[in-house]
Every structure is written in structure tokens, then in C-alpha cells.
Amino acid sequence: MTTFTTGAGTLTRDALAVLQPGFTGTTAPDWVRRRLAEGLVSVALFGRNVADPEQVTALTAALRAERDDLLVAIDEEAGDVTRLEVRTGSSFPGNHALGAVDDPALTRRVARELGRRLAACGVNLNWAPSADVNANPDNPVIGVRSFGRDPALVARHTAAYVEGLQSHGVAACTKHFPGHGDTSVDSHHALPQIDLDVTTLHERELRPFRAAIEAGTRAVMTAHIRVPVLDPDRPATLSPRILTGLLRDELGYDGLIVTDGMEMGAVAGTYGLEHGVVLAIAAGADAICVGGGLADEDTVLRLQDALVTAVRSGELPEERLADAAARVRSLAAWTTGMRHSPSAAGDPAPEIGLTAARRAVTVTRAAGPAPVTAPVYVATFSPAPNIAVGDETPWGVGAELERLLPGTATGHFTGPDAGTEALRAAGGRRVVAVVRDEHRHPWMGAALDTLIAAGPDTVVVEMGVPQSTPRGAVHITTHGAARVCGVAAAEAVLAG
């Protein structure tokens with residue numbers, strides 16, 4: 001029989017404190033306000049909650065009227081994964097572009113400016129950066145979200161990003177521990193497994209996380225992946241060996257441990273949402289990310305009740321839940337203190353994102369291609385986006401080339417007949433072909449074959465991971481599909 005040292009009210013408050021739920025709409029729902037008064041400490045914003053910076057600022061101010069020490073989390077990696085600029089594309093290049101430049105001071109400046117903008121909107125916890133080493137270039141979910149495939153490079157840029165972001169009081173949440181870069185399965189849909197030895201794990205996957213911890217990252221996000229060399233049974237999010245044994249005890253990390261989205265298929269589809277949440281807290285996680293897909297009051301109540309019931313049944317130690325809740329409140333207190341302190345991070349740097357994107361561009365020219373001076377046809381070959389990126393954010397170079405070369409036309413194509421369809425739509429005009437991860441999509445490579453065979457002056461712009469051999473009259477690599485990467489690519493097309 002379990003003896004409780006705290007009352008039901010305290011248990012409920014602790015259960016609410018460990019949740020980081022999302023909600024719908026661009027204003028603060030009444031149910032969220034009520035739960036904040038009852039012990040909820042965190043909320044999460046997604047693209048559906050964002051109209052513009054002024055609206056986000058008003059939203060967070062309304063929420064803080066209920067609780068001043070509120071954690072407002074967002075998944076703002078910049079680059080391909082943006083929530084603050086979900087409808088326009090990001091003003092900052094993503095990790096892969098920054099890694100291609102390989103200037104940690106630039107990465108720090110980009111993250112500092114991103115942190116300044118988030119703080120100005122009232123956001124104080126960013127589920128970024130991705131510290132995953134892109135060991136598998138066919139990875140369907142990481143790709144350009146990674147700084148690169150060299151562990152030392154990823155480590156130094158992860159540390160710089162953490163330092164820059166946190167200089168404005170926005171807590172960094174380094175992810176996806178212990179490393180999601182060598183997977184071939186998207187954990188939004190199923191449970192990936194990484195088969196590697198202990199040496200590779202420590203020298204490759206864990207190196208960037210050590211750097212993040214040394215840089216003072218305030219939070220670490222878990223990965224829904226199975227790593228048999230660490231735990232043959234449970235994914236990292238639910239594994240005491242990984243979260244407590246490795247992250248806490250071996251690596252000495254003492255900050256907040258946040259789960260990846262618990263409604264993702266890798267956990268919810270395998271263990272069930274409520275049971276998965278209980279297992280995650282028991283394993284050593286402190287905060288439960290939920291709300292990307294389930295964004296309602298009923299979900300919060302179900303998870304709150306599941307945690308309280310688990311404590312009462314003895315499945316979840318009361319002390320573990322209390323410790324998790326205390327860590328959440330501690331981070332909230334840190335962000336509040338930073339918010340009320342003068343920032344020493346320097347002046348705004350609004351153009352730093354475009355500067356970084358321009359530096360990331362690589363251009364390969366064939367012998368003697370004619371420069372682009374007349375309107376062109378921009379054929380964008382669009383793969384199905386992964387859930388992390390989403391399908392709301394525009395990408396490519398079409399809009400910018402339409403501005404720079406009036407009369408330019410654009411079209412989007414996909415599938416086995418994409419090349420033929422694009423050639424027909426171009427109607428004899430010079431083609432700028434825009435691809436994203438050509439190496440992962442055979443139909444995309446076939447489309448380029450068709451276009452280049454018909455028009456050797458075709459310009460190719462690769463906005464994903466550049467694994468394929470450069471081809472075309474001019475081949476431009478941006479290392480990401482952020483809005484500023486499109487601007488930089490369009491400039492390179494005209495300079496080609």
C-alpha cells in the first residue's frame with residue numbers, strides 16, 4: 001500500500017505542471033486560462049496559433065496575465081521548420097546551411113537574433129537546435145535540420161546556437177537525444193531503430209549533446225527511437241537507462257528533459273498516449289510535449305488523470321512526479337528572471353539571416369553557360385513534406401525570380417511524369433529546375449534528366465541535402481529551403 005505525503009491537490013498541480021500542451025486558435029482559450037490557474041506551467045505554440053508577431057505578442061501577454069512565470073514553447077528551428085513565419089518562410093537559414101558555412105560566430109549571431117525575436121513575442125522556450133548528426137543522408141525526417149554529418153562540426157555549431165539563443169533568455173531545447181540522424185524511419189509514423197556500437201554512439205551521436213550540455217542548454221528533448229545497444233526494449237523517451245542512466249548520471253545533465261511529441265506514432269501507436277506519458281515521466285522525462293495533433297482540453301485532463309492515477313497505484317513514484325514538476329517550475333523561474341533583466345546580447349541584426357543564406361550558397365558552372373537575363377520558367381519539383389516541416393510554408397525561388405525577372409512563370413510538379421509535364425509547361429522558355437533532396441526521389445532525378453536533355457542551358461537549384469552530382473548549365477546548392485535561401489538562390493541564378 002502506498003502512503004502519500006502530499007494531498008490530491010498537490011498531485012494534480014504536479015501532473016499539470018509537467019504537461020506542455022498545445023491549443024487551437026490565435027487567442028488564449030478559456031480552458032487554458034483555467035488550467036494555468038490550477039497549476040499548468042507551460043503551453044506550446046504551433047503554426048496554427050501564429051498570424052504575425054504582434055498577434056503572438058498579444059497572445060502571450062494574455063496568457064501571462066494568468067501566470068507570470070509561464071513557459072511558452074515553440075518549435076522554431078528556422079530554416080525549413082518554422083512556426084513564427086509558417087506562412088511566409090523563415091528569415092533565417094536552417095542548420096544545414098549554417099553548417100555548410102561553418103562559422104560558429106555566424107551561427108551564434110543567427111541564433112541570437114532568432115532569440116531576440118522570440119523573446120520580443122513572449123516566447124521563452126524553443127524546441128531547438130537539432131543536434132542530430134546526419135549520418136544517414138536518406139533520413140526522411142532530419143536532413144537539412146542537421147548541421148551536417150561531421151560530429152565535430154555539429155558539436156561546435158550546436159554549442160554556438162545554444163549560447164546565441166539563450167543570450168536573450170530563450171531556453172534552448174537541444175534535440176533529439178540520443179541522436180536521430182541515422183534513422184531511415186520517420187518517428188512521426190513508426191518507431192525507428194538505430195543499430196550501432198557503443199563507440200560510434202559516444203564518438204558520433206553523443207558528441208553534440210555533450211557540447212550542448214557544456215554550453216549550458218536549459219533543456220534537452222528526447223527521441224522516439226530504439227537504440228538496442230542502450231536499451232533493447234524501450235525507445236529513448238521511455239527508457240530509464242537512457243534518460244536517467246546515460247543523460248543524467250553519465251553525461252551529468254541537470255536541466256529539463258522534454259519529450260518529443262507524445263502523440264507521434266512511435267509512442268502513441270505502440271504504447272498508447274496515456275501509458276506512454278506515465279512511462280516517460282517514470283523514465284526520467286520532466287515535461288510532456290503534446291499538442292501538435294491533439295490540442296484540446298480533454299487531452300490535458302486525460303493525461304493529468306493518467307499521471308495522478310499512476311501515482312496512486314504505485315506505478316509512478318510520487319517523488320519522481322514532484323521532481324519533474326519542480327524542474328519545470330525552475331526553468332520557468334529562470335526565464336522569468338531573464339525577462340526582467342536587461343539584455344546584454346547586443347543590438348538587433350535583422351539582415352543576419354540573409355547574410356548567412358548568401359554565404360551558404362554553392363554554385364557549380366558548366367563551361368560557357370549563357371547568363372540568365374530574360375524571363376524563365378521555374379519548375380519546382382515538390383516531394384511530400386514530412387510532418388516536422390509541414391505543408392503550409394512556401395519554398396523555392398519562383399516568387400523571387402518573378403520579382404527580379406518580370407514575365408517569369410512558375411509551376412509545381414511531382415510524380416513519374418513530372419519532367420515531361422514541366423517541359424510542356426515551359427513552352428520553349430529556359431528552365432530553372434528546383435529540387436529538394438534529389439537523391440531521395442528517383443522520379444525527381446528522372447525529371448532533371450528530361451529537362452537537361454531537352455535544354456542543356458537548364459539551371460538546377462537544389463534546396464535539400466546536396467548528395468547528387470551537380471548538373472545543368474548552372475547548379476546552385478542552398479542547403480535548405482528557407483525564404484532567405486530562396487532569395488539567395490535567385491540572386492545566384494542571375495549572377496550565374
Side-chain angles (χ1 to χ4, degrees), residues 18-20 42 44 71 73-77 81 95 111 115 124-133 142 145-147 151 154-155 157-166 170-181 187 194 201-202 204-225 227 230-231 234-262 264 266-267 280-290 320 323-332 334-335 388:
V18 304
L19 302 180
Q20 292 189 343
S42 313
L71 284 175
I74 200 168
D75 193 8
E76 182 56 60
E77 298 177 18
V81 179
N95 286 4
N124 54 10
L125 171 59
N126 191 11
W127 294 326
S130 168
D132 306 301
V133 178
I142 301 301
R145 301 167 67 195
S146 166
F147 288 112
V154 176
H157 286 276
T158 297
Y161 195 106
V162 167
E163 292 164 355
L165 192 65
Q166 294 187 167
V170 177
C173 184
T174 306
K175 61 188 184 185
H176 306 81
F177 186 83
H180 209 310
S187 55
I194 296 182
L201 174 78
H202 281 269
R204 188 180 72 191
E205 313 300 321
L206 296 182
R207 186 168 179 176
F209 290 97
R210 289 196 189 93
I213 292 168
E214 291 174 5
T217 187
R218 293 283 167 171
V220 168
M221 178 175 280
T222 69
H224 300 331
I225 57 172
V227 186
L230 295 174
D231 188 331
R234 290 186 177 180
T237 297
L238 312 182
S239 172
R241 299 184 196 178
I242 295 175
L243 300 190
T244 300
L246 176 59
L247 183 54
R248 289 279 188 226
D249 298 340
E250 188 172 342
L251 299 185
Y253 176 66
D254 194 41
L256 190 75
I257 299 177
V258 184
T259 72
D260 205 345
M262 293 298 288
M264 291 165 61
V267 171
I281 297 295
D286 305 306
I288 299 297
C289 170
V290 65
R320 172 78 274 272
D323 174 64
R327 289 180 187 275
V328 174
R329 296 181 188 118
S330 176
L331 181 60
W334 177 81
T335 61

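In what follows, residues are counted from 1 in the order of the sequence shown.
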side-chain contact (heavy atoms from CB on, under 4.5 Å) between V328 and L71, worked out | CA-CA 9 Å; V328 174; L71 284 175; 4.0 Å; yes
Side chain to side chain contact (heavy atoms under 4.5 Å, CB included) partner of I281, the single match among L243, I288, I257 = I288
Nearest-0.5 Å distance, CG of residue D260 to SG of residue C289 | 6.5 Å
Expected output: side-chain N95 to main-chain S130 donor-acceptor under 3.5 Å | yes
Taking every heavy atom of A73 against every heavy atom of Q20, the minimum-distance pair comes out as CB-OE1, 4.5 Å
Sidechain-backbone polar pair: T237 side chain, A280 backbone, donor-acceptor under 3.5 Å | no
Side-chain heavy-atom pair E250, L206 within 4.5 angstrom cut-off | no
Would you say the side-chain atoms of R327 pair up with the backbone N or O of A287, donor to acceptor, closer than 3.5 Å?
-> no
Determine yes or no for a side-chain-to-main-chain donor-acceptor pair under 3.5 angstrom, with E77 supplying the side chain and R145 the backbone.
-> no
Min side-chain heavy-atom separation M221-H180 under 4.5 Å | no
Please determine which of I74, T174, V258 meets the side chain to side chain contact (heavy atoms under 4.5 Å, CB included) test together with W127.
-> V258
Rounded to the nearest 0.5 Å, how far does CG of L125 lie from CD of E76?
-> 13.0 Å
Might you point out which heavy atoms bring I225 and G179 nearest each other, and give the distance in Å?
-> CD1-O, 3.0 Å
Taking the side chain as every heavy atom from C-beta outward, state whether L230 and S239 have any pair of such atoms under 4.5 Å apart.
-> no
Looking only at heavy atoms, which two atoms of P178 and A236 are closest? And how far apart?
-> CD-CB, 3.6 Å
Can you tell me how far the CG atom of N126 sits from the NZ atom of K175, to the nearest 0.5 Å?
-> 7.5 Å
Roughly how far, to the nearest 0.5 Å, is OG1 of T222 from CE of M262?
-> 7.5 Å
Pick one: which of R218, R320, R329 meets salt bridge (Lys or Arg N to Asp or Glu O under 4.0 Å) with D286?
-> R320
Roughly how far apart are T335 OG1 and Q166 CD, rounded to 0.5 Å?
-> 11.0 Å
Any Y253 side-chain heavy atom under 4.5 Å of T217 side chain | yes
In terms of heavy-atom contacts, P208 and V154 come closest through CG-CG1, 3.5 Å
Looking only at heavy atoms, the pair that brings V81 and A388 closest together is CG1-O, 3.6 Å
Indicate yes or no for a side-chain donor-acceptor contact from S146 to the backbone of D132 under 3.5 Å, with no hydrogens or angles considered.
-> yes
Quick one: does T244's side chain have a donor or acceptor within less than 3.5 Å of a partner on A283's backbone?
-> yes
Using a 4.5 Å cut-off on heavy atoms from C-beta on, say whether the side chain of H224 contacts that of H176.
-> no
Do I242 and F177 come close enough that some side-chain heavy atom pair is under 4.5 Å?
-> yes
Are side-chain heavy atoms of H157 and P129 found at a separation under 4.5 Å?
-> no
Could you give the distance from SG (C173) to CG (L331), rounded to the nearest 0.5 Å?
-> 9.0 Å
Residue pair R207 / V133, side-chain heavy-atom distance below 4.5 Å | no
